[in-house]
Amino acid sequence: MRRKRTLQILLVVALCTMLYTIVVSRLDRKTNIIFGGVDGAFVSSDSVSFKDPNAPETPEPTPDIWPDIDLTMQQYRIANNDHPLSSAFMPEVAKISRTKNMMFAVEAMPYLDAMLQGLEDAGFTVHIGGAYRSYSFQAQMFNSKASQIAYGMGLTGPKSYLDPKYQDAVEEAKSITMQPGTSEHQLGLAVDLFDRSYPRLVYSEMNQDFYAWLDEHCAEYGFIKRYPTKKLLLTGWDEPWHYRYVGVEAAKFIMENDLCYEEFYAHYDPNFKY
């Protein structure tokens with residue numbers, strides 16, 4: 001019995017000693033943590049907020065460098081096969097001062113005028129090959145192209161469009177001329193620009209200095225190169241003479257980051273597909 005009691009006393013003393021050691025160590029809030037390695041294998045650290053000194057640092061969150069824009073604003077509206085404009089859509093337009101009858105969106109006109117003046121100051125003679133087009137005008141252009149192709153296929157007469165082969169002409173026309181409602185020209189925010197001294201509609205034979213100036217400076221006026229050749233698979237069109245107004249902030253970001261408008265637009269609309 002006495003031996004058993006002695007063992008109990010020794011056990012209590014051992015537990016008290018262990019408790020005392022824990023309390024003292026906690027007062028300093030320091031513990032020795034085995035860390036590995038030869039030198040400094042034991043690292044004294046705060047028991048609560050211990051941090052592995054060899055762990056990689058958590059990178060800072062990448063800042064959002066994309067412009068803060070509102071897609072509902074007219075200047076950001078997109079027009080293509082998947083996002084057609086209605087036949088009733090008609091922006092407020094006015095005549096471009098350097099032309100006889102070319103029209104452009106009123107809100108963006110000062111930026112277009114400034115860019116055209118910049119081109120002239122740089123020594124270029126500017127020709128505007130296309131600007132605002134109404135839905136009906138685009139429909140007329142498209143139907144004329146389809147009829148022209150159909151005629152080349154041997155389809156003639158006032159009811160040639162009823163021939164099943166006419167649909168083949170329509171499909172071919174879709175790759176040449178935008179269908180009504182899908183052209184940015186209906187937005188009133190796009191222009192086709194050429195150097196008057198190079199009238200042939202073959203880009204490789206046009207004045208490359210003219211387009212080099214535009215590509216370098218167009219964003220300063222809020223314009224982008226809308227359908228560059230290298231983005232054909234994304235935009236569906238190869239029209240490196242077509243420039244579109246989107247505002248200075250967005251234009252600079254797009255041009256500096258070598259984006260097409262589809263890539264830019266998709267960042268803000270998760271449902272947008274191209």
Side-chain angles (χ1 to χ4, degrees), residues 74-75 77-81 83-85 87 89-120 124-149 173-208 210-211 213-215 217-219 221-229 231-232 235-246 251 260-262:
Q74 190 62 32
Q75 68 194 57
R77 190 161 184 174
I78 198 164
N80 57 25
N81 290 335
H83 301 79
L85 304 171
S87 59
F89 177 83
M90 182 179 295
E92 183 181 0
V93 296
K95 188 175 77 69
I96 302 172
S97 60
R98 293 166 172 77
T99 68
K100 290 183 179 180
N101 53 14
M102 293 286 184
M103 312 291 282
F104 199 72
V106 170
E107 72 267 20
M109 185 71 80
Y111 299 93
L112 176 62
D113 283 338
M115 185 168 71
L116 296 178
Q117 186 62 55
L119 275 164
E120 292 180 357
F124 300 106
T125 53
V126 186
H127 171 67
I128 300 177
Y132 167 71
R133 296 178 193 147
S134 66
Y135 184 97
S136 59
F137 187 83
Q138 190 69 33
Q140 180 182 349
M141 286 182 61
F142 182 81
N143 292 334
S144 295
K145 178 57 67 175
S147 297
Q148 179 185 357
I149 295 171
K174 289 179 181 179
S175 65
I176 301 172
T177 304
M178 293 182 182
Q179 299 176 78
T182 68
S183 172
E184 284 195 335
H185 287 290
Q186 189 181 345
L187 290 170
L189 297 171
V191 284
D192 296 332
L193 298 176
F194 307 97
D195 185 331
R196 191 180 296 276
S197 302
Y198 292 73
R200 184 173 171 77
L201 198 62
V202 179
Y203 189 67
S204 61
E205 299 180 16
M206 295 178 182
N207 187 347
Q208 298 304 308
F210 177 86
Y211 293 107
W213 188 95
L214 275 172
D215 293 347
H217 298 285
C218 67
Y221 306 95
F223 285 81
I224 60 171
K225 192 185 199 75
R226 182 63 180 89
Y227 301 117
T229 301
K231 299 289 186 176
L232 170 61
T235 67
W237 295 96
D238 180 9
E239 293 187 1
W241 49 79
H242 180 113
Y243 288 81
R244 152 77 189 268
Y245 179 80
V246 293
C260 67
Y261 194 55
E262 279 75 8

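Applying the salt bridge (Lys or Arg N to Asp or Glu O under 4.0 Å) definition to pairs two or more places apart or across chains, those involving residues 175-184 are E184-R226, E184-R244. Counting only residues at least two apart or in different chains, salt bridge (Lys or Arg N to Asp or Glu O under 4.0 Å) contacts with residues 127-143 comprise R133-D192.
Checked against ring pair (Phe, Tyr, Trp, His ring centres under 6.0 Å), F210 has the following partners two or more places apart in sequence or in another chain: F124. The side chain to side chain donor-acceptor pair (under 3.5 Å) search around Y261 returns none, not counting sequence neighbours. The side chain to side chain contact (heavy atoms under 4.5 Å, CB included) search around P84 returns T182, not counting sequence neighbours. Listed by chain and residue number, F272 satisfy the ring pair (Phe, Tyr, Trp, His ring centres under 6.0 Å) test with H83 (two or more places apart in sequence, or in another chain). With sequence neighbours left out, D113 forms a salt bridge (charged side-chain N to carboxylate O under 4.0 Å, His left out) with R98. In terms of the ring pair (Phe, Tyr, Trp, His ring centres under 6.0 Å) criterion, Y135 has no residue partners (sequence neighbours excluded). Applying the salt bridge (charged side-chain N to carboxylate O under 4.0 Å, His left out) test to K95 and every residue at least two apart in sequence or in another chain returns nothing. By the salt bridge (charged side-chain N to carboxylate O under 4.0 Å, His left out) test, K145 is found to be paired with no residue, residues two or more places apart in sequence or in another chain being considered. With sequence neighbours excluded, the residues that form a side chain to side chain contact (heavy atoms under 4.5 Å, CB included) with A94 are V106, M109. Looking at residues two or more places apart in sequence or on another chain, you find a ring pair (Phe, Tyr, Trp, His ring centres under 6.0 Å) between Y111 and Y245.
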Residues K231, W237; criterion side chain to side chain contact (heavy atoms under 4.5 Å, CB included); working and verdict: CA-CA 8 Å; K231 299 289 186 176; W237 295 96; over 6 Å; no
Verdict with supporting geometry, V191 and L116, side chain to side chain contact (heavy atoms under 4.5 Å, CB included): CA-CA 11 Å; V191 284; L116 296 178; over 6 Å; no
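At least one side-chain heavy atom of R77 sits less than 4.5 Å from a side-chain heavy atom of F89. Taking 4.5 Å as the limit, some side-chain heavy atom of Y132 sits within range of a side-chain heavy atom of P91. Residues L214 and L193 are in side-chain contact: their nearest non-hydrogen atoms beyond the backbone lie under 4.5 Å apart. Put simply, the side chain of P110 does not reach to within 4.5 Å of the side chain of L112, judged on heavy atoms. A 4.5 Å side-chain heavy-atom check between Q138 and Q186 finds every atom pair outside the cut-off. A 4.5 Å side-chain heavy-atom check between L232 and Y227 finds every atom pair outside the cut-off. Counting heavy atoms from C-beta on, the side chains of T125 and L119 never come closer than 4.5 Å. Looking only at side-chain heavy atoms (C-beta outward), E262 and T235 come within less than 4.5 Å of each other.
With T177 contributing its side chain and A173 its backbone, the two residues share no donor-acceptor pair below 3.5 Å. Of the possible donor and acceptor atoms, one in the side chain of Q208 sits under 3.5 Å from a partner among the backbone N and O of M206.
Distance OG/S183 to CE/M141: 7.5 Å, rounded to 0.5 Å. Note that the CG atom of N81 and the NZ atom of K174 stand 8.0 Å from one another [nearest 0.5 Å]. Separation of atoms CE (M102) and OG (S97) is listed at 13.0 Å; rounding is to 0.5 Å.
In this pair, W241 and Y203 present their aromatic rings tilted. The plane angle is within the 30 to 60° band.
Closest approach of I96 to T99, counting heavy atoms only: O-OG1, 2.8 Å. Contact detail for G222 and A251: the closest heavy-atom pair is C-CB, 3.5 Å. The nearest pair of heavy atoms linking E107 to L189 is OE2-CD2, 4.1 Å. Of all heavy-atom pairs between C218 and I224, the closest is SG-CA, 4.1 Å. Shortest non-hydrogen contact noted between F142 and Q179 is CE1-CG, 3.7 Å.
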